[in-house]
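So you know, we letter chains A, B, ... as the sequences are listed, proteins then strands, and number each from 1.
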Amino acid sequence: MQYWLIKSEPFKYSWDQFLSDKSTFWDGVRNYQARNNLKEMKVGDHCLYYHSNEGKEIVGIAEVIKEHYPDPTIDDERWVAVDVKPIRTLKNTVTLAQVKSDARLDQMALVRNSRLSVGPVKEDEFNIIMELSENG
DNA sequence: GCCAACGTTGGC
DNA sequence: GCCAACGTTGGC
């Protein structure tokens with residue numbers, strides 16, 4: 001299984017909204033790198049859900065439930081969407097500051113390329129995030 | 001609200 | 001195909 005990190009601005013689509021919707025389609029990606037990552041996603045892959053701008057923290061875990069298909073919100077076949085559903089909310093959110101201050105996480109796309117809205121996460125990194133969220 | 005970083009566009 | 005200009009994102 002592969003791990004990912006997906007970003008959303010809470011005022012656009014927050015984790016709470018996601019929880020009450022039960023699932024959502026992840027659209028609106030207009031960046032080739034992020035798009036390529038979306039295309040790599042497989043059903044069952046886990047995603048860290050990150051709030052950008054407001055909060056700047058990882059708030060929960062989501063699971064891919066449908067692989068990429070053309071983005072329904074735009075008439076342009078270049079862009080794709082995937083479907084995801086929430087798995088669980090983190091016990092404690094993991095902030096960007098925490099991620100940055102942990103030397104084991106300094107290779108994360110989140111740190112190295114803060115503008116990338118969909119990035120891969122290594123299993124080790126995922127586990128470290130889990131650990132941080134437990135120890136809060 | 002500012003600015004740095006980065007991706008994209010378009011002129012040559 | 002290069003590179004400057006421009007737009008967007010996101011941290012601060």
Side-chain angles (χ1 to χ4, degrees):
Chain A
M1 169 169 39
Q2 177 69 48
Y3 297 96
W4 306 94
L5 181 138
I6 56 181
K7 283 191 196 176
S8 179
E9 296 184 44
F11 97 94
K12 243 192 251 167
Y13 195 82
S14 70
W15 177 253
D16 287 343
Q17 177 76 44
F18 188 28
L19 284 178
S20 66
D21 286 353
K22 306 286 196 296
S23 72
T24 191
F25 55 96
W26 203 261
D27 67 331
V29 169
R30 298 291 180 269
N31 170 287
Y32 289 104
Q33 260 180 279
R35 192 275 315 264
N36 291 341
N37 290 329
L38 280 183
K39 286 190 167 183
E40 292 293 312
M41 287 187 184
K42 297 279 187 294
V43 168
D45 281 359
H46 286 186
C47 305
L48 299 170
Y49 195 104
Y50 175 82
H51 276 173
S52 64
N53 276 314
E54 241 177 276
K56 286 169 291 177
E57 57 193 7
I58 298 162
V59 291
I61 313 293
E63 180 179 337
V64 177
I65 54 173
K66 187 177 177 190
E67 281 163 35
H68 69 92
Y69 55 91
D71 187 334
T73 63
I74 190 174
D75 182 24
D76 187 334
E77 79 247 358
R78 288 180 302 168
W79 307 116
V80 301
V82 298
D83 285 358
V84 289
K85 67 165 189 193
I87 298 178
R88 64 188 179 89
T89 306
L90 293 186
K91 192 162 132 198
N92 299 290
T93 60
V94 177
T95 64
L96 180 61
Q98 280 177 278
V99 171
K100 279 188 167 172
S101 62
D102 195 313
R104 296 171 298 173
L105 297 175
D106 65 5
Q107 295 303 306
M108 282 186 72
L110 178 65
V111 176
R112 313 209 83 188
N113 184 1
S114 68
R115 299 185 54 214
L116 190 62
S117 54
V118 180
V121 175
K122 294 193 195 74
E123 191 175 352
D124 288 352
E125 293 165 344
F126 186 87
N127 291 334
I128 292 165
I129 304 284
M130 289 307 98
E131 181 190 313
L132 291 175
S133 76
E134 287 301 318
N135 299 336

Trainee: Can you pull out every ring-ring contact (aromatic ring centres under 6.0 Å, His included) where at least one residue sits in residues 37-58 of chain A? Sequence neighbours excluded, please.
Mentor: A/Trp15-A/Tyr49, A/Phe18-A/Tyr49, A/Trp26-A/Tyr49, A/Tyr49-A/His51
Trainee: Does anything in residues 93-119 of chain A form a ring-ring contact (aromatic ring centres under 6.0 Å, His included)? List the pairs, not counting sequence neighbours.
Mentor: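 For residues 93-119 of chain A: none.
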Trainee: In a table with atom names and distances, give each donor-acceptor pair under 3.5 Å that connects a side chain of residues 110-121 of chain A to protein atoms at least two apart or in another chain.
Mentor:
{"unit_1": "A/Arg112", "atom_1": "NH1", "unit_2": "A/Gln107", "atom_2": "OE1", "d": "3.1"}
{"unit_1": "A/Asn113", "atom_1": "OD1", "unit_2": "A/Arg115", "atom_2": "N", "d": "3.4"}

Trainee: Restricting to pairs with a member in residues 105-134 of chain A, which pass ring-ring contact (aromatic ring centres under 6.0 Å, His included), not counting sequence neighbours?
Mentor: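 Residue pairs passing ring-ring contact (aromatic ring centres under 6.0 Å, His included), neighbours aside: A/Tyr3-A/Phe126.
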Trainee: For residues 52-67 of chain A, dump all side-chain donor-acceptor pairs below 3.5 Å to protein atoms at least two apart in sequence or in another chain.
Mentor:
{"unit_1": "A/Asn53", "atom_1": "ND2", "unit_2": "A/Glu9", "atom_2": "OE1", "d": "3.3"}
{"unit_1": "A/Glu57", "atom_1": "OE1", "unit_2": "A/Thr93", "atom_2": "OG1", "d": "3.0"}
{"unit_1": "A/Glu67", "atom_1": "OE2", "unit_2": "A/Val43", "atom_2": "N", "d": "3.0"}

Trainee: How would you list, by chain and number, every residue that makes a side chain to side chain contact (heavy atoms under 4.5 Å, CB included) with A/Asp21, sequence neighbours excluded?
Mentor: A/Tyr13, A/Gln17
Trainee: May I have all residue pairs that pass ring-ring contact (aromatic ring centres under 6.0 Å, His included) and include part of residues 68-97 of chain A, sequence neighbours excluded?
Mentor: A/Tyr32-A/Trp79
Trainee: Please list each protein N or O that sits under 3.5 Å from an N or O in nucleotides 1-4 of chain C, with the distance.
Mentor:
none

Trainee: Please encode protein proximity along nucleotides 6-12 of chain C as a string of B, S and -, counting only heavy-atom distances under 4.0 Å.
Mentor: -BBBBBS
